Amino acid sequence: MLQAPLFAEPYCGDCITREICHAQHTEMSCTELGPVHPSVLHITSPDFQSRFLEVNGFTFNVKAQVQMTTSLPAYIPVIKPREWASERTLPYVEAIAVPLNEVQDLARRSFRHGVSARRLLGLESGQRLIVSGFAHDRFLEKHWPASRRRTLLHTIRQLEPDAVMAWNYSVWHRHSSGWAYPRIEQLYNPKRSLKVFGEMQQLGISAIPHTYWGHHDDLKRWVSWILENSSVAMLSLDLQTLDQSTHWARALDILSQFRSMLVPRGIHMVFSGVCKRERVLELKQVWPESSLMNTGAHFRSGPLRYKPCFGLDRPWLLGPTEWSRANIFNEITRQYTLLFGDEHYKAIGQSSVA
């Protein structure tokens with residue numbers, strides 16, 4: 001019989017996170033070697049206490065206010081606003097999303113032209129503007145300090161979006177170099193995202209919590225928090241880092257468990273990052289009350305229009321000169337809307353029962 005290796009845990013006895021960490025005797029414990037990387041949190045990090053206090057501990061103790069979000073369509077295309085400037089008008093869709101790292105540029109151009117962000121994007125009445133919470137770790141870390149975070153949050157509010165996802169601070173298990181991230185880092189980052197959610201709500205922003213977990217215990221913590229905060233009716237989750245099929249299958253299994261714990265509440269989930277047709281269908285089956293958000297329509301309607309389109313049909317190949325970027329954008333949006341719409345899900349369910 002194989003035995004799991006035991007790792008030293010010299011700091012666990014008096015650690016203030018011990019009750020929720022549970023990493024002693026694992027490779028994710030805070031070992032005597034210290035931080036594996038200067039930016040990664042470790043109990044011996046010089047700024048550990050200040051970082052711990054800044055987020056008011058790692059427990060989910062943020063009280064949610066009533067969410068002011070409206071209902072969201074089945075599919076929400078993510079765009080880079082500046083790339084549509086030459087198009088003069090954005091294709092008509094129920095909602096569009098802009099990435100977090102595009103917010104400041106959009107706000108500057110809006111101010112320079114003396115019009116609202118909605119006017120600049122050509123959005124009509126009834127079209128919803130969403131701000132995605134996903135950004136690369138470097139961007140998120142740069143804007144975590146209180147002054148920069150406050151500035152970015154106020155900039156988001158200036159755009160007057162209909163909904164904003166809380167920022168997606170990563171929960172990694174293992175670095176590409178091979179070392180395992182300390183469990184304490186997995187506790188810190190979701191709490192940072194939840195803190196941002198709370199700060200958004202305080203500013204009157206229609207915020208959506210971003211859910212992520214590194215351990216099954218975290219899933220239970222999210223369920224407890226959601227059940228305790230009855231005002232939360234919508235969540236977001238980014239899945240674009242799941243490259244391997246085994247990781248994807250595991251994610252679907254966990255999502256199924258997650259939803260089963262929340263079924264009485266009927267939580268609506270906004271998934272981002274998934275583009276492949278087969279994965280889209282699997283995701284909708286696992287969590288029917290959901291919306292899909294990705295960059296598929298944006299990128300595949302541009303210079304990449306001749307590349308395979310995630311398993312979608314490409315009718316523009318039959319008459320490429322007759323298809324403008326806006327037409328291709330609308331066609332891809334139409335296909336994703338059908339795939340992730342409630343009617344398509346019901347049809348799949350009926351056929352599987354038959």
Side-chain angles (χ1 to χ4, degrees), residues 69 71-79 93-97 99 128 130 132-134 163 165-166 168 170-171 173 190 193 208-214 216 218-219 222-223 226 232-263 265-300 308-313 331-353:
T69 53
S71 60
L72 297 179
Y75 176 63
I76 306 168
V78 181
I79 68 165
V93 290
E94 292 186 61
I96 61 104
R128 278 153 283 183
I130 316 297
S132 165
F134 178 81
M165 282 70 178
N168 175 26
S170 298
V171 175
H173 289 264
S193 180
I208 300 175
H210 177 81
T211 50
Y212 226 41
W213 49 85
H216 197 268
D218 299 336
L219 197 66
W222 275 115
V223 170
I226 294 165
V232 176
M234 192 173 294
L235 304 171
S236 64
L237 176 63
D238 185 81
L239 297 170
Q240 60 186 303
T241 59
L242 301 174
D243 297 328
Q244 298 183 26
S245 58
T246 53
H247 294 170
W248 174 252
R250 175 61 176 160
L252 290 180
D253 181 56
I254 296 175
L255 280 173
S256 179
Q257 297 176 41
F258 190 22
R259 180 176 175 272
S260 67
M261 298 177 193
L262 298 173
V263 164
R265 286 285 302 277
I267 298 292
H268 188 93
M269 183 70 81
V270 183
F271 295 109
S272 61
V274 181
C275 292
K276 292 182 178 180
R277 185 181 188 277
E278 60 271 21
R279 288 192 173 189
V280 167
L281 293 175
E282 290 172 340
L283 198 56
K284 188 66 175 182
Q285 285 186 286
V286 169
W287 205 303
E289 313 86 4
S290 56
S291 298
L292 175 68
M293 188 168 67
N294 65 33
T295 59
H298 175 80
F299 286 113
R300 286 301 188 266
C309 193
F310 314 112
L312 302 181
D313 294 330
E331 172 60 21
I332 295 174
T333 297
R334 184 190 70 82
Q335 291 190 48
Y336 274 130
T337 299
L338 288 176
L339 290 175
F340 220 69
D342 292 335
E343 293 303 318
H344 191 87
Y345 168 75
K346 291 176 183 177
I348 294 175
Q350 293 171 353
S351 63
S352 62
V353 171

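These figures come from a predicted structure and were not determined experimentally. Counting from 1, the numbers follow the sequence of the chain as shown.
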Chemist: When rounded to the nearest 0.5 angstrom, what distance separates CG in L235 from CZ in R259?
Modeler: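 Output value for this atom pair is 12.5 Å.
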Chemist: For the residue pair C275 and V280, what are the closest heavy atoms and their distance?
Modeler: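 For C275 versus V280, the nearest heavy atoms are O-CG2, 4.0 Å.
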Chemist: If only atom types and distance count, is the side chain of R300 paired as donor or acceptor with the main-chain N or O of P308 below 3.5 Å?
Modeler: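 At least one qualifying donor-acceptor pair exists.
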Chemist: Starting from the C-alpha separation in whole Å, work towards a yes-or-no answer on side-chain contact (heavy atoms from CB on, under 4.5 Å) for L239 and W248.
Modeler: CA-CA 9 Å; L239 297 170; W248 174 252; 4.1 Å; yes
Chemist: Would you say S260's side chain and Q257's backbone share a donor-acceptor pair under 3.5 angstrom?
Modeler: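 Yes, because the side chain of S260 sits within donor-acceptor range (under 3.5 Å) of the backbone of Q257.
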Chemist: For M293 and A97, work out which heavy atoms get closest and say how close.
Modeler: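 Closest approach of M293 to A97, heavy atoms only: SD-CB, 3.6 Å.
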Chemist: Nearest 0.5 angstrom please: E94 CD to T337 OG1, how far?
Modeler: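 It comes to 7.0 Å.
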Chemist: Less than 4.5 Å apart, any side-chain heavy atom of L72 and any of I130?
Modeler: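 Counting from C-beta outward, L72 and I130 do come under 4.5 Å.
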Chemist: When rounded to the nearest 0.5 angstrom, what distance separates CG in L283 from CG in L292?
Modeler: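 Taking CG in L283 and CG in L292, the distance rounds to 7.0 Å.
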Chemist: Rounded to the nearest 0.5 Å, what separation is found between the SG atom of C309 and the CZ atom of F299?
Modeler: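 So the gap between those two atoms works out to 13.0 Å.
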Chemist: Please report the closest heavy-atom contact between H298 and V78, naming both atoms and the distance.
Modeler: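 In this case the closest contact between H298 and V78 is CB-O, 3.2 Å.
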Chemist: Do D218 and P190 have side chains that approach each other closer than 4.5 Å (heavy atoms only, starting at C-beta)?
Modeler: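 They are not in side-chain contact.
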Chemist: Has K284 got a side-chain atom pairing as donor or acceptor with S290's backbone, closer than 3.5 angstrom?
Modeler: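 Judged by distance alone, yes, a pair lies under 3.5 Å.
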Chemist: Begin with the C-alpha distance, continue with both residues' side-chain angles, and end with the deciding distance and a verdict on side-chain contact (heavy atoms from CB on, under 4.5 Å) for S71 and R128.
Modeler: CA-CA 10 Å; S71 60; R128 278 153 283 183; 3.9 Å; yes
Chemist: Go through it in stages, so that I can follow the logic: the residues are W213 and I254, the test is side-chain contact (heavy atoms from CB on, under 4.5 Å), and I'd like the CA-CA distance, side-chain angles, deciding distance and then a yes or no.
Modeler: CA-CA 10 Å; W213 49 85; I254 296 175; 3.3 Å; yes
Chemist: Any ion pair linking E282 and R279 (charged N to carboxylate O, less than 4.0 Å)?
Modeler: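 No, R279 and E282 are not salt-bridged.
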Chemist: Please confirm whether the backbone N or O of S236 pairs with a side-chain atom of T211, one donor and one acceptor, at under 3.5 Å?
Modeler: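 Looks like yes, one N/O pair under 3.5 Å.
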Chemist: Here's a test for you: under side-chain contact (heavy atoms from CB on, under 4.5 Å), which of V93, N294, L339, L338 qualifies with Y75?
Modeler: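 Only one option passes, and that is N294.
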Chemist: Write down the atom of P73, the atom of A95, and the distance for their closest heavy-atom approach.
Modeler: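 Minimum heavy-atom contact is CG-CB, 3.8 Å.
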Chemist: Rounded to the nearest 0.5 Å, what separation is found between the CE atom of M269 and the CG atom of L237?
Modeler: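 Separation between the atoms: 5.5 Å.
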Chemist: Could you give the distance from CG (L312) to NZ (K276), rounded to the nearest 0.5 Å?
Modeler: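 Atom-to-atom, L312:CG and K276:NZ are 12.5 Å apart.
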Chemist: For V232, is there any backbone N or O sitting under 3.5 Å from a side-chain donor or acceptor partner on R265?
Modeler: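 Side chain of R265 to backbone of V232: a pair is present.
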Chemist: For the residue pair S291 and H268, what are the closest heavy atoms and their distance?
Modeler: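 Heavy-atom minimum between the residues: OG-NE2, 2.8 Å.
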Chemist: Which heavy atom of I208 sits nearest to which heavy atom of A163, and what is that distance?
Modeler: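 So the two residues come closest at CD1-CB, 4.0 Å.
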Chemist: For W287 and F271, take the angle between the two ring planes, folded into 0 to 90°, and tell me which bin it lands in: parallel under 30, tilted 30 to 60, perpendicular over 60.
Modeler: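 Correct class here is perpendicular.
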